[in-house]
Amino acid sequence: MLDLQRGQKESIRKLCGGLSLDVELYHKAPMEIDVTCFGLDGTGRLSDERYFIFYNQKESPEGAIRLGPGPATGTVRFHLELDQLPPQIVKLSLTAAIDGVQTLRGLEKGYVRLLHGAAEMARYSYSGAEFQGERAIVACEIYRKGDDWRINAVGRGFNGGLKALVESFGGSVLPGTAPTPPPAPAAGGSRRTASPSRSAGSAPADLGSIVSSLPKHVCARMDNLARQCRGETEFLASLYKNMFSALAKYPKVAERSVKVVMCADASGSMFDMYRNGRVQRAVDKFFAFATTLSDEGYMDLWAFAAKSRQLGAVTMDNVRDYTFAESGGFERWMSMLNYQYNNEPEAMRDIMMIYGALRTPTLVLFLTDGRLSSDWEIEEILIKTSRFPIFWQFVGLHGEEYGILDRLDTIDGRYINNADFLKTGDIDDLSDGALYSRLLSQVDAWLDELAFKRMLEQ
């Protein structure tokens, strides 16, 4: 039996000897947990609600997915015949969600395992210690890979419960409703309409108005990015959609290429946030943001603890599991950077040295959980870099004691306003559209000031 680690991917054929198997989910918790399966298309959307399998709709149309009780208390099983699924269904996302005000922090134990007959072939385990305010989790994904299928141990939490899950797959849940099965595709007994439905997206709602408000080269860039969201990168499609809509509200930002660099705290206090995928989720969101604002197609990434280092660029090829695989994964980063304390000024000075002389405006997305090493050094660097086209967007993630970041507007001596602080308990506390709009509003004002003071002229 194979013990899967978060982010690990394995072949279903190799594990189970074929494409017929059972997937069992188990949860021990002092609250009721609803387990569901979303059958998604190539864009990561629930485009056919007959493939939303849950307690009130237990079977897909052809019977390739069947939900039933497990043999023990707290277990449910999905029987899968993957080779019988229609070609438009390319991924199954197996999830668990709770109702009410409780959170997954109270989960004593949970796992998802693959069974071939009575034999357990693989297991991915998790517990409430990995979560904070989340009320739903994507336990694993099973997705097409050529003529095979693969399992991905995801373990990603959502603060909004089942509603957040449905919306992340392109649907919506009407207020006060619970998921219910869709109408039967052929004549027969009547059913209530399913609450998950295609979302109209954020304003501007009309695609034509979005396209007309943005330069042609930006629309071409977005079209190219959307075409690449297939297979293991299809989860980016919804991020690009929200970014595209947000950018339409700030068309001036689209007129000039902006380089985006991510700098992530990799000190020991961040360990749990790497392990439970919060930092990976930030990488996902920031990568979509970065590749929208320039034609580079990648995002530079730096990590720091006592020391700082530039890691490999985030690309379409590695974004999916970047924090778990790049340069040995986050545990390796922490080791080589001396995880015992965080040294923000060293990382900022390294970034200033590399990007300060560039003519291209550079936005640094600086992720930290607080307890900064030196307020006065950070203040000094912000004053110095205010003469360069660099903007420091600090993002506080589930931290405390942010020091000077809470008082950026008190820093005197800066030539331009070159920093902002966004404090959040979790990167998903803001919707993707709201996050992108917040970031773009800062970039918009900064670019205006750069232009007014002629800092971008040759």
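Quick note: residue numbers are just sequence positions, from 1.
Looking at S127, its side chain never comes within 3.5 Å of a backbone N or O of S125 through a donor-acceptor pair. A donor-acceptor pair under 3.5 Å links the side-chain atoms of R105 to the main chain of A129, judged by distance alone. Checking side-chain atoms of R278 against main-chain N and O of M270 turns up no donor-acceptor pair under 3.5 Å. Of the possible donor and acceptor atoms, one in the side chain of S431 sits under 3.5 Å from a partner among the backbone N and O of A434. Although no hydrogens or angles enter the test, the distance criterion places no donor-acceptor pair under 3.5 Å between the side chain of D34 and the main chain of T36. At distances below 3.5 Å, at least one donor-acceptor pair connects side-chain atoms of D375 with backbone N or O atoms of I404. Of the possible donor and acceptor atoms, one in the side chain of N342 sits under 3.5 Å from a partner among the backbone N and O of R371. In this structure a side-chain-to-backbone donor-acceptor pair under 3.5 Å is missing from Q88 to S47.
For residues 3-23, no residue pair satisfies the ring-ring contact (aromatic ring centres under 6.0 Å, His included) rule, not counting sequence neighbours. Residue pairs that meet the salt bridge (charged side-chain N to carboxylate O under 4.0 Å, His left out) test with at least one member in residues 300-313, sequence neighbours left out, are K259-D300.
For the pair I33 and A96, the tightest heavy-atom approach, listed with the atom from each and the gap, is CG2-CB, 3.6 Å. Heavy-atom minimum distance, V443 versus L363: CG2-CD2, 3.8 Å. For the pair Q280 and Y322, the tightest heavy-atom approach, listed with the atom from each and the gap, is OE1-N, 3.1 Å. Across P345 and E377, no two heavy atoms sit closer than the pair CG-CB, 3.7 Å. Taking each heavy atom of C140 and V112 in turn, the nearest pair found is SG-CG2, 3.8 Å. What you find for D369 and L397 is that their closest heavy atoms are CB-O, 3.4 Å.
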Steps toward side-chain contact (heavy atoms from CB on, under 4.5 Å) verdict (Q393, L422): CA-CA 8 Å; Q393 177 63 67; L422 171 62; 3.9 Å; yes
Please test I53 against S60 for side-chain contact (heavy atoms from CB on, under 4.5 Å), starting from the C-alpha separation and ending with a verdict. CA-CA 7 Å; I53 309 302; S60 62; 4.1 Å; yes
Carefully, step by step, assess M316 and L225 under the rule side-chain contact (heavy atoms from CB on, under 4.5 Å). CA-CA 9 Å; M316 280 285 185; L225 291 167; 4.0 Å; yes
Run the side-chain contact (heavy atoms from CB on, under 4.5 Å) test on S437 and K249 for me, step by step, so that the C-alpha distance in whole Å, both residues' side-chain angles and the decisive distance to 0.1 Å come before the verdict. CA-CA 8 Å; S437 292; K249 304 172 194 174; 3.6 Å; yes
Could you please spell out the steps behind the side chain to side chain donor-acceptor pair (under 3.5 Å) verdict for D317 and T315? CA-CA 5 Å; D317 292 330; T315 69; 4.5 Å; no
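For the residue pair E24 and Y111, a side-chain donor N or O sits within less than 3.5 Å of a side-chain acceptor on the partner.
Between F330 and V279 there is no side-chain heavy-atom pair separated by less than 4.5 Å. Within the 4.5 Å cutoff, side-chain heavy atoms of F286 are placed close to those of I427. In this structure, M121 and E10 have side chains that are not in contact, with every pair of non-hydrogen atoms separated by 4.5 Å or more. Here the side chains of F391 and P361 are not in contact, with every heavy-atom distance at 4.5 Å or above. At least one side-chain heavy atom of L85 sits under 4.5 Å from a side-chain heavy atom of W149. Residues D284 and V319 meet the side-chain proximity criterion, which asks for heavy atoms closer than 4.5 Å. With contacts defined as side-chain heavy-atom distances shorter than 4.5 Å, the pair Y240/T291 qualifies. By the 4.5 Å heavy-atom criterion applied to side chains, Y126 and H27 are counted as neighbours.
One finds a salt bridge joining D420 and R438 here, because a Lys/Arg side-chain nitrogen approaches an Asp/Glu carboxylate oxygen to under 4.0 Å. Salt bridge annotation for D406-K423: present, with a cationic side-chain nitrogen under 4.0 angstrom from a carboxylate oxygen.
By the neighbour-count criterion of 12 heavy atoms within 6.0 Å, atom OH of Y250 is densely surrounded, having more than that number from other residues, nucleotides or ligands. Atom NZ of K28 has 12 or fewer neighbouring heavy atoms from other residues, nucleotides or ligands inside a 6.0 Å radius.
Considering CZ of F324 and CZ of R6, their distance stands at 3.5 Å, rounded to 0.5 Å. For the atom pair CG of L40 and CG of L92, the computed distance is 7.5 Å after rounding to the nearest 0.5 Å. Taking OH from Y26 and CZ from R77, the interatomic distance works out to 14.0 Å, rounded to the nearest 0.5 Å. Atom CD in E379 sits 8.0 Å away from atom CZ in R407 (nearest 0.5 Å). If you take CG on N418 and CG on L408, they are separated by 9.0 Å, rounding to the nearest 0.5 Å. Here the straight-line distance linking atom CG of L4 with atom CZ of R113 works out to 13.0 Å at 0.5 Å rounding.
None of F394, W392, F366, Y402 except one satisfies the ring pair (Phe, Tyr, Trp, His ring centres under 6.0 Å) rule with F421; the exception is Y402. If you run side chain to side chain contact (heavy atoms under 4.5 Å, CB included) between L239 and each of F287, F289, Y436, only Y436 comes through.
Classified by interplanar angle (parallel below 30°, tilted 30° to 60°, perpendicular above 60°), the ring pair W333/Y274 is perpendicular. Note on ring orientation: taking the six-membered ring where Trp is involved, the planes of F52 and F54 are parallel (angle under 30°, cut-offs 30° and 60°).
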